[in-house]
Amino acid sequence: MSSVAVVSGSCLCKAVKLTFTEGLKNPPGLIYCHCIQCQKFTGVYGALNPFDWSTLNIEGEENLSWFQEEGKLPMRGFCKKCGSSLLQRREDGTHALVFGGAIDTKDVFKPSTLHVNKEEAGQHYMLD
C-alpha cells in the first residue's frame with residue numbers, strides 16, 4: 001500500500017493518541033518479530049511497522065510510559081492506564097516502529113512475509 005497523508009492510532013482506552021502527520025516512509029508491510037522481548041511485551045509476537053519518528057505527534061504523552069531492558073535496545077512505549085503496547089524506538093531515533101494493533105487508520109498496512117528472530121519463536125505457535 002502507498003503512504004498516506006495522516007495515519008492515526010491509539011491505545012485501548014484512548015488515553016494515548018498517535019498521529020503521523022507526514023505519513024510513513026515507504027511502508028513495507030508489517031514486520032513480525034518473534035524475539036523474546038516482543039513475546040513478553042505483546043503476549044505472542046510483535047507485528048510492527050517502521051515509521052519516521054520525526055513525523056510523530058503524541059496526544060496524552062503523560063500517559064505514555066517507556067521501558068528498556070537493561071543493556072538491550074529498543075525502548076518500548078505503552079499506555080500507563082490500559083497497558084497497550086504502542087511503540088518502540090532507539091534513543092537516537094534511528095529505529096522507530098509502531099505496533100500494528102495501535103493503528104486506527106484502515107487499510108494502511110498490508111501483511112508481509114517478513115519474520116525476524118524466528119529462532120526465538122515460542123512453542124505456543126507454529127511458523128512455516
Chemist: Does the separation of the ring centres of Phe41 and Phe99 fall below 6.0 angstrom?
Modeler: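 So the answer is yes for these two rings.
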
Chemist: So how far is it from Leu18 CG to Asn57 CG, rounded to the nearest 0.5 Å?
Modeler: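 Reported to 0.5 Å precision, the distance equals 9.5 Å.
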
Chemist: Any non-hydrogen side-chain atom of Phe78 less than 4.5 Å from a side-chain atom of Val16?
Modeler: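 They are not in contact (no side-chain heavy atoms under 4.5 Å apart), so the answer is no.
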
Chemist: Are Asn63 and Cys13 packed together at the side-chain level, in the sense that at least one heavy-atom pair is separated by less than 4.5 angstrom?
Modeler: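 A side-chain contact under 4.5 Å is absent here.
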
Chemist: Please find the pair of heavy atoms, one from Gly100 and one from Leu30, that lie closest to each other, and give the distance.
Modeler: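 Nearest pair, atom of Gly100 first, then Leu30: CA-CD2, 4.0 Å.
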
Chemist: Please answer whether the main-chain N or O of Leu12 pairs with a side-chain N or O of Ser84 as donor and acceptor at a distance below 3.5 Å.
Modeler: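 Pair found, side chain donor or acceptor close to backbone of Leu12.
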
Chemist: Mind listing the closest non-hydrogen atom pair of Val98 and Ala102 along with its distance?
Modeler: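 What the structure gives for the nearest pair is CG2-CB, 4.4 Å.
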
Chemist: With rounding to the nearest 0.5 Å, note down the distance linking CG in Leu97 to CG in Leu87.
Modeler: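 Separation between the atoms: 9.0 Å.
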
Chemist: Listed by chain and number, what are the side chain to side chain donor-acceptor pair (under 3.5 Å) partners of Lys81, not counting sequence neighbours?
Modeler: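 Here no residue qualifies.
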
Chemist: What's the shortest heavy-atom distance between Leu86 and Cys79, and which atoms?
Modeler: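 Of all heavy-atom pairs spanning Leu86 and Cys79, the closest is CD1-N, 4.0 Å.
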
Chemist: If every non-hydrogen atom of Gln37 is compared with every non-hydrogen atom of Glu69, which pair is closest and at what distance?
Modeler: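 Nearest pair, atom of Gln37 first, then Glu69: NE2-OE1, 3.1 Å.
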
Chemist: Which value, rounded to the nearest 0.5 Å, describes the distance between Glu59 atom CD and Ser10 atom OG?
Modeler: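 These two atoms lie 10.0 Å from each other.
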
Chemist: Indicate yes or no for a side-chain donor-acceptor contact from Lys17 to the backbone of Gly60 under 3.5 Å, with no hydrogens or angles considered.
Modeler: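 No; zero donor-acceptor contacts below 3.5 Å.
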
Chemist: Could you state the interatomic distance from CD (Gln88) to CZ (Arg76), rounded to the nearest 0.5 Å?
Modeler: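 That separation rounds to 4.5 Å.
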
Chemist: Say whether, by atom type as modelled, one donor and one acceptor occur between the side chain of Thr105 and the main chain of Ser8 under 3.5 angstrom.
Modeler: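 Yes; at least one donor-acceptor contact below 3.5 Å.
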
